[in-house]
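What follows is one structure encoded as structure tokens, with my remarks underneath.
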Amino acid sequence: QVQLVESGGGLVQAGGSLRLSCAASGSTSSSYHMGWFRQAPGKEREFVAAIRWNIPRTYYADSVKGRFTISSDKAKNTVYLQMDSLKPEASAVYYCAARRFLGNMSSRDDYEYWGQGTQVTVSS
């Protein structure tokens, strides 16, 4: 079992920045690939970014490339999502997720564990 706890959400003006954190715990949590997803009201949960646990390979949705950065601190078992140049359409609940196996890193069905989510609101 892997437990994931997100933090860092809040209210920010358009053009601003936020950094989300996801603390992972569990016996093998350090060997899971990690991802961030978001879900706005009335919309499906969509992929934002992912990172492999064993090499610094990252993946991004086209909509956030160049503005969002995913990173990890293995010593702290924590994954971060640095969000810059935020736009109002980025407002959503952001979820951290973990998966054991590689594949389509943007597929939410392949993630086995999920956090409870953290709200991000970007005002115009």
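We're numbering straight along the sequence, starting at 1.
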Shortest non-hydrogen contact from [X] to [Y]?
X	Y	value
S17	S85	OG-N, 4.3 Å
V12	L86	CG1-CD1, 3.6 Å
A40	A92	N-CB, 3.8 Å

I'd like to know if the side chain of [X] and the backbone of [Y] have a donor-acceptor N/O pair within less than 3.5 Å.
X	Y	answer
E6	C22	no
T118	G9	yes
T78	K76	yes
K74	W53	yes
R52	N54	no
Y111	M105	yes
S107	N104	no

[atom2] on [Y] to [atom1] on [X], rounded to 0.5 Å:
X	Y	atom1	atom2	result
R99	H33	CZ	NE2	7.5 Å
S25	N77	OG	CG	8.0 Å
R38	M83	CZ	CE	8.5 Å
D110	F101	CG	CZ	10.5 Å
Y80	I70	OH	CD1	12.0 Å
C96	M34	SG	CE	3.5 Å

Show your reasoning for whether side chain to side chain contact (heavy atoms under 4.5 Å, CB included) applies to W36 and V79.
CA-CA 9 Å; W36 285 97; V79 175; 3.6 Å; yes

Presence of salt bridge, D84 and R67, under 4.0 angstrom
no

Going by an N to O cut-off under 4.0 Å, is there a salt bridge joining E44 and R108?
yes

Can you hop from [X] to [Y] via hydrophobic side chains spaced under 4.5 Å?
X	Y	result
Y95	V120	no
F47	L20	no
V93	L4	no

Aromatic Y32 / basic R100 pairing, under 6.0 angstrom, 45° off normal
no

Check step by step if side chain to side chain contact (heavy atoms under 4.5 Å, CB included) holds for T121 and Q119.
CA-CA 7 Å; T121 303; Q119 177 71 48; 3.4 Å; yes

Quick check, are the ring centers of F37 and W114 under 6.0 angstrom apart?
yes

